[in-house]
Asks: 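Below you'll find the structure I mean.
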There are 2 protein chains.
Amino acid sequence: MATTQPAAMDRPPTIHDIAALCGVAASTVSRALSSPDRVNIRTRQRIEAAAAQLHYIPNSQAKALSSGRTGAVGVLVPDITNPFYFDLIRGTQLQLKAAGYTQLLVDTEESDEVEASTMEQLRKSADGIVVAASRLTDEALLAAAAKMPMVTMNRDVPGIPAVLIDTPSATSQALDHLISLGHTRIAYIAGPATSQSSTRRWTALSEAAKERGVEVRRLGPFAPKTQSGAAAADAAVHSGVTACIAFNDLIAIGMLQRLRERGIRVPQDMSMVGCDDIFGADFCNPPLTTMASPIEQAGRVAVSMLLAQLNPLAGGGTRSRSVMPTHLTVRGSTGPAPAPG
Amino acid sequence: MATTQPAAMDRPPTIHDIAALCGVAASTVSRALSSPDRVNIRTRQRIEAAAAQLHYIPNSQAKALSSGRTGAVGVLVPDITNPFYFDLIRGTQLQLKAAGYTQLLVDTEESDEVEASTMEQLRKSADGIVVAASRLTDEALLAAAAKMPMVTMNRDVPGIPAVLIDTPSATSQALDHLISLGHTRIAYIAGPATSQSSTRRWTALSEAAKERGVEVRRLGPFAPKTQSGAAAADAAVHSGVTACIAFNDLIAIGMLQRLRERGIRVPQDMSMVGCDDIFGADFCNPPLTTMASPIEQAGRVAVSMLLAQLNPLAGGGTRSRSVMPTHLTVRGSTGPAPAPG
DNA sequence: CTTCAAATGACAACCGATTGCCAAACTTTG
DNA sequence: CAAAGTTTGGCAATCGGTTGTCATTTGAAG
């Protein structure tokens, strides 16, 4: 059965096919498709029609090779299976797609080496990167940022644009909440030693505690996984505190499970506060009081900042810092401090 | 301060830089680095030393353009934020990395159109794809599979290699479990209409129910999200069943929440069975009885099958089908049927 | 009707690798 | 020591676009 289509090709059409079909040079086709006003509108329309007819899709590899722009942005997260990153990834993906970019998502496995080598790799295949919760040193990050446009998430290094989640101030809110419930002996369950977020929260927390005259001790570091919860829970119980503020919800949920196993009631015997309001925080048992923030939006903002760096055309000066608000969401895991004795 | 390094270059080194440094042709460098035995071992060592000294990293775009192989594999999932896919993604990522491939992860947003256009896009930038829970028709999938190597997950189309999770047989186990607890009126909470998994489970379930002489009715379809749980729970209660087998854990967890709001006790008034054993299934309230399977391993197997297609060198014939076992994990959400009346 | 500027489109070099082909160099054998 | 066979390594084309340069066409103005 004959069709109006030219003979079906075994391989994808190129601009040369379009050029042949229209009787123009390949370069004209290239211009018509990328910088439309450099070409006669009628020619352009013919070319566009031919492109549509052939179902032309530009070869991104070739485009990247000759233009130097890849149209891709790398997104580095320490652990894809950490629910905290879902919404972040979703946010970056949506914003990138809206701008016509492709997202290259990489799990750096909580490893500084993997992170560094990934960046090196991406230097050729991405126009820029968004780095969440970097495990690198400030120096290494600065060196990497010098080689390619970068925006960090939850990592504040002078000279590198960043999106920060304001958990430190939420941490103070959490502390006030616990104090208002009568708690005076409180533990901070620390995250990885290389996590700047953890450090910043601890700083904010211990300062606030001093002002308010309560005792906050630091336990850890612990890996940000539910499995760490058992050790953390045991440490908390042993230390004699009546409430814990955990580095994140994963650890907090793990602690809830362990406390339940040990017959320690939450919140009657021990109050728990998590951080991030991840998937699961609202339906664990008891539901977790936690510090929530608009993560998906944070992802979008990070991408916007990066794209502003890549395409400085728009007038507005490039923001180099964006702080996302965080608030305490109180659920069932916090309650009045147990009567002493 | 002078170093032994050649003057630092402002741009990444290429094989030409290496060639110049060693006094050989660029093609010799290319051969030395890719097919080592086509080049004199001493020359090769000189080249390797130079490459190391310059911190040479091959440009993957250029490599792809000239060789036709991209070294990347696309992984398409309908919804990145669905915890079911975390382990799958982790599995594919690990196996791909081990084989020296890069993973291109794409969220197709439960949309057949996005899925189709993504495949078209990937045709140029990936060597093959793993498609999880496709929303496309069999015809569209076959057409796509004809254009590039493909392995599907949880989608059985003759002619396309697939990894299947044996939830149908687990569904029967779940049914037997419920029957042994005295349930006779049971509902299947269906997933998306275009999900073959949902269809396959329903077929297996209704057949098993007929054999065993119990009544199983189908409710839905429901979107595979916790938010759908409310409507599903209401429908289940209204239909008068005493137990539900849900399409997946997300819906089941959403139902648990709704039932709790409505004061319907689980498992005393209603038993719930989920599917997938996702993150959260073990710590929701009550913990969810669910059908579990080695998802991460499924991801690894899918990648292995794909790579076998891409590099047919190894002797063994290519498997075209792999079925992952599934078993019922009983937790607190299932219990004896309520006494009639 | 001529003149000049602006708009347009063709040519060719280039991005950084891969790879077919061939010549030079080497090893082996008679 | 020469002939035949093997390596080895260089040249150049190629992948599919982009982009600088330049010649030509077009239109407007004088």
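Residue numbering restarts at 1 for every chain, and letters A, B, ... go by the order of the sequence lines. For clarity, every value in this text was computed on a predicted model and none was experimentally measured.
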Asks: Does Asp37(A) pair with Arg44(A) as a salt bridge, N-O distance under 4.0 Å?
Replies: no

Asks: For the CD atom on Gln45(B), are there more than 12 heavy atoms of other groups (residues, nucleotides or ligands in this structure) within a distance under 6.0 Å?
Replies: yes

Asks: Over how many whole Å does the gap from Ile18(A) atom CD1 to dG17(D) atom C1' extend?
Replies: 11 Å

Asks: Please state whether the phosphate of dT18(D), meaning OP1 or OP2, lies under 4.0 angstrom from any side-chain nitrogen or oxygen of Ser30(A).
Replies: yes

Asks: Donor-acceptor check, side chain of Asp127(A) to backbone of Gly71(A), threshold 3.5 angstrom: yes or no?
Replies: yes

Asks: Roughly, in whole Å, what's the span from CG in Leu33(A) to P in dG17(D)?
Replies: 9 Å

Asks: Any donor and acceptor pair, going by atom type alone, linking the side chain of Arg321(B) with main-chain N or O of Ile160(B) inside 3.5 Å?
Replies: yes

Asks: Would you mind reading off the distance between Lys63(B) atom NZ and dT19(C) atom P, rounded to a whole angstrom?
Replies: 10 Å

Asks: When only distance counts, do a donor and an acceptor, one from the side chain of Arg46(B) and one from the base of dG9(D), lie under 3.5 Å apart?
Replies: no

Asks: Provide, to the nearest angstrom, the distance between the CG atom belonging to Leu65(B) and the C1' atom belonging to dC15(C).
Replies: 9 Å

Asks: Please check the phosphate of dA10(C) (OP1 and OP2 only) for any side-chain N or O of Thr28(A) closer than 4.0 Å.
Replies: yes

Asks: Would you mind telling me which residue lines up with the more 5' stretch of DNA chain D, Ser27(B) or Ser67(B), judged by nearest nucleotide?
Replies: Ser27(B)

Asks: Pick the closest DNA chain C nucleotide for Asn40(A) and for Ser66(A) by heavy atoms, then say which residue is nearer the 5' end.
Replies: Asn40(A)

Asks: Check the phosphate of dG9(D) against Thr43(B), side-chain N and O only, distance under 4.0 Å to OP1 or OP2. Yes or no?
Replies: yes

Asks: What integer distance in Å separates Arg69(A):CZ from dG17(D):C1'?
Replies: 12 Å

Asks: Between Val29(B) and Pro58(A), which has a closest nucleotide on DNA chain D that is more 5'?
Replies: Val29(B)

Asks: Please state whether the base of dG20(C) and the side chain of Arg31(B) form at least one donor-acceptor pair under 3.5 Å?
Replies: yes

Asks: Take a 6.0 Å sphere around CD of Gln121(B) and say whether it holds more than 12 heavy atoms from other residues, nucleotides or ligands.
Replies: no

Asks: OP1, OP2 of dG20(D) versus side-chain N and O of Arg38(A): anything below 4.0 Å?
Replies: no

Asks: Using atom CZ of Arg44(B) as one end and atom P of dG9(D) as the other, report the distance to the nearest whole Å.
Replies: 11 Å

Asks: When the distance from CD of Gln45(A) to P of dT8(C) is rounded to whole Å, what number comes out?
Replies: 13 Å

Asks: Does Tyr56(A) make a side-chain N or O approach to OP1 or OP2 of dG17(D) shorter than 4.0 Å?
Replies: yes

Asks: Within this structure, what is the CG-to-P distance between Asn59(A) and dC15(D), rounded to whole angstrom?
Replies: 12 Å

